[in-house]
Chemist: 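Input: one structure, supplied below.
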Amino acid sequence: MMYAITIYGEPGVFENLPDEKQKQVLTGHYALQEALGERGDYLSIKLMPPATAVTVDPAPGRAQAPLIVDGPFAETKEGFLGFYAADFNDLQEALKFAEMISSPIARLEVRPVAWAGGVLSTG
Amino acid sequence: MSEWLEATFSNNRPRALAALTRYFRDMDLAEEAFSDACLKAVTAWEGKGAPRDPLAWLLTTARNAGLDRVRKTQRHRVLLQVEPSVLMADEDPLPDPDDVRDDVLRLLFICCHPALSRQDQIALALRIVAGLSVAEIARGFLVATKTMEQRVTRAKKKIATNRIAFETPSPQERGRRLGEVSLMVYLMFNEGWSTSNSAAQMRVTLCEEAIRLARLLADLFAGMGDQIALLSLLLFQHARRAARIDSDGRLVSLEDQDRRLWDKTAIAEAVALLQKSERLGHSGPYRVQAAIAAEHALAPSAQATDWQKIEAHYAALYVIQPTPVVRLNHIAAMAKTRGAEHALKEMETLACDLSDYRWYHTMQGGLFLQSGLPRRAVAAFEKALTLGPTEPERVVIKDQISTCKKMFTPL
């Protein structure tokens, strides 16, 4: 079963950490990437900060184009930062891998993937 | 644990301090209240981790801590000034996003008070908004801690009497504040990037703090092309920091830099921001400068740089900002597209305006050298040496002079 390990946190906090703490966080990520790489294909994404984003809202009326707005107007509230996706034997194993990147600045969510297409697919 | 939390505190500091300054109308009290809240957070968050909305938590706690302080010290005068809604403790402390935006802008704008020198404005913003210690700021400006302490105190005193309107600013007023504040952030970066007569060519703290503030502005004013472009521009510049000075501490010119040392993540973000600002339309000076920086950052090698495009960007910049320095940069691009002799001729028109500008003379020296006029080049480089180059610049200029002298034909 494919699981996604999604990462939530306050945008900008990682950048505010002192160097050695940043390294500590990255060490966890490198370890996870290496471990996942040894088992097969995986996908990992880190999003750029919210200021780089543009929002596409649903079209306000029929036969109209979707609304492209300049936001999001970033708040310091917890946001979606990135994710990993890979095949795991079961939830227990996915959780074990997720633990490798656990740190005080992020909250992780492990959730089964219903469907994946592209390079990595649920087949 | 607290080091992890520090990062959350400093991330939330500008917004929190901005709102608290509006509540209490007293910057020192706002700072004290915020420190109190952070101290409480260290114990309260331990074990449970930070709350989902740390800003709301910090604001509630700081508001109560601030009110306690006012009551204890009987600062009645202050209590009278306090925004009425703050006294109703059950009210949601989190201002709506528009208020936060104006609060942060106001706080930064207070630091930009015209009675202060540009350096003092920057120092004050670093102290109050970024929360750097006086010692850290002193290091950034390469002065003694004591000197900086006096400067910050004096600056705070000067603005204490200054009345900044706490009502919602009109769109024109907001635009004016945003322009002033953006310029201060831009100059903060430049102050860190290069400075006269100093041993350190680049003071990373100032550059990084300027980027943090530019990020804050881009976050708060996500619909403003100028602020997004400013962040893009600073990221493009900063991406080159590792290649700019070699292992002997010598300055490396853009052409000779090892491009593999450029920070690709920063460049990628800068490109994304530039595209976003282009989408937003408005084409101000920051955007044109970011577009120029992008041409350099994305060229695979110095030889492959598209100087035609860069020259066109400088021509566009000169329309928005018709200053001699922009014109000089335009001519530097022309030297690449039309040759050194053409550029030297164009430079003559700037001789009066820029006679004290050291870059004018180093550029002229370089062009004379290229045109096979080493004696005139030496004269230009020697003039530049009298105009306060930084230590690494001095080394480069002296190198150039000895290169020229080797070309002198024996009489």
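All chains are named by letter (A, B, ...) in the order of the sequence lines, taking the proteins before the strands, and each is independently numbered beginning at 1.
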Chemist: Answer yes or no: does atom NZ of K23(A) have more than 12 heavy-atom neighbours from other residues, nucleotides or ligands under 6.0 Å?
Modeler: no

Chemist: Looking at L17(A), I105(A), V13(A), which hits side chain to side chain contact (heavy atoms under 4.5 Å, CB included) with N11(B)?
Modeler: V13(A)

Chemist: With rounding to the nearest 0.5 Å, note down the distance linking CG in D219(B) to OG1 in T52(A).
Modeler: 9.5 Å

Chemist: With a 4.5 angstrom heavy-atom cut-off, could you sort out which part of Q22(A) is near chain B: side chain, backbone, both or neither?
Modeler: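 Neither part.
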
Chemist: What distance do L55(B) atom CG and E10(A) atom CD have between them, rounded to the nearest 0.5 Å?
Modeler: 8.5 Å

Chemist: Check E269(B) against P49(A) and note the closest heavy-atom contact, atom names and distance.
Modeler: OE2-CG, 3.3 Å

Chemist: More than 12 foreign heavy atoms under 6.0 Å from CZ of R111(A): is that the case here?
Modeler: no

Chemist: Are R107(A) and R52(B) close enough that some pair of their side-chain heavy atoms sits under 4.5 Å apart?
Modeler: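 R107(A) vs R52(B): side chains touch.
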
Chemist: Within the supplied structure, the quantity of interest is the number of heavy atoms (other residues, nucleotides, ligands) at a distance under 6.0 Å from F80(A) CZ; does it exceed 12?
Modeler: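 Yes.
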
Chemist: Would you give the length of the straight line joining atom NZ of K46(A) to atom OG1 of T265(B), rounded to the nearest 0.5 angstrom?
Modeler: 7.5 Å

Chemist: Which is it for N16(A) and R212(B) under the side-chain contact (heavy atoms from CB on, under 4.5 Å) test, yes or no, and what are the steps along the way?
Modeler: CA-CA 9 Å; N16(A) 273 324; R212(B) 274 183 56 189; 3.4 Å; yes

Chemist: Quick one, E3(B) and E20(A) - any side-chain contact, counting heavy atoms below 4.5 Å?
Modeler: yes

